[in-house]
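For reference, the structure is listed below as structure tokens.
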Amino acid sequence: MTVTQYVAPACRCARGVVFLVAVFSKVRGRDAFHAFRASLLNMVALPADKATLLSASVVLSEVCVVVLLTVQWTAPVGFVPAGAVLLAFSAGIVRVVRSGARTPCRCFGATATPLSGRHLIRNAGLLAGPPPTSGRAGL
């Protein structure tokens, strides 16, 4: 096996695990989901019902990424929504950081750490690396 044959599955696994942890941190209980929803309200001016819809949409998109990256023959396709979701999250982080808001990141559960450039670096790291080019790239 060449190095690339190890790197692509490692990237797939890393992205899948990160998205899986993100999903579970938001849906592990009613309080966790409400805290995530409240953090979105601090980031984006939305009516309460729209914030619930946005929160559910984020979780659903993360679940879709996990499923697509987990199933071997859909893994190459899974990198597309994973990248799109990470880019959308990054755009939101940039917006919050530029506004000067000290909004905590609820990406992975309860934390008081505000969004910062560190979150952008994390997302850039997740975006880096080659996606698998065929359904044969396994975990």
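Values in this document were obtained by computation on a predicted structure and should not be read as measured data. Atoms considered below: every heavy atom in the structure, side chains included; atoms not considered: hydrogens, waters and symmetry mates. The first residue of the sequence shown is numbered 1, and numbering continues consecutively from there.
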Any side-chain heavy atom of E62 sitting closer than 4.5 Å to one from V58? yes
Is L86 close to F19 at the side-chain level, that is, under 4.5 Å between some pair of heavy atoms? yes
In this structure, CZ of F89 is separated from CG of L126 (nearest 0.5 Å) by 11.0 Å
Rounded to the nearest 0.5 Å, the CZ atom of F79 sits from the CG atom of L68 at a distance of 11.0 Å
ask   = Side chains of H119 and V97: closer than 4.5 Å at any heavy-atom pair?
value = no
Would L60 end up clustered with L53 when hydrophobic side chains under 4.5 Å apart are linked, directly or stepwise? no
Spell out, as yes or no, whether a donor-acceptor pair under 3.5 Å connects the side chain of T52 to the backbone of A48.
yes
For this session: Using the rule that two of Ile, Leu, Val, Met, Phe, Trp, Tyr join whenever any of their side-chain heavy atoms come within less than 4.5 Å, decide whether V17 and L127 are in one cluster.
Result: yes
(message) When you compare the side chain of R15 with that of L69, does any pair of heavy atoms fall below 4.5 Å?
(response) yes
Note to self: Keeping R28 on the side-chain end and S25 on the backbone end, is there a donor-acceptor pair under 3.5 Å?
What the structure shows: yes
Point to revise | Same cluster (ILVMFWY, side-chain, under 4.5 Å), V65 and L20 | key: yes
Rounding to 0.5 Å, atoms CG (L115) and CZ (R102) come to a distance of 10.0 Å
Close side-chain approach of R122 to R118, heavy-atom, < 4.5 Å:
no
* Asked: Are the side chain of R37 and the backbone of A51 linked by a donor-acceptor contact shorter than 3.5 Å?
  -> no
* Is there a donor-acceptor contact under 3.5 Å from the side chain of R106 to the main chain of F33? -> no
Does any N or O in the side chain of R95 come within less than 3.5 Å of the main-chain N or O of M43, such that one atom is a donor and the other an acceptor? yes
Smallest heavy-atom separation, C11 atom then A128 atom, equals SG-O, 4.0 Å
Any link between I93 and L87 through a network of hydrophobic side chains (Ile, Leu, Val, Met, Phe, Trp, Tyr) touching at under 4.5 Å? yes
In terms of heavy-atom contacts, S39 and T103 come closest through O-CG2, 3.8 Å
**Heavy-atom side-chain contact between L46 and L40 under 4.5 Å** = no
So CG of N123 and OG of S90: to nearest 0.5 Å the spacing works out to 3.5 Å
query: R12 side chain to V7 main-chain N or O, any donor-acceptor pair under 3.5 Å?
result: no
Between the NZ atom in K50 and the OG atom in S55, the distance rounded to the nearest 0.5 Å is 13.0 Å
query = Any chain of hydrophobic side-chain contacts (each under 4.5 Å) joining V44 to L120?
reply = yes
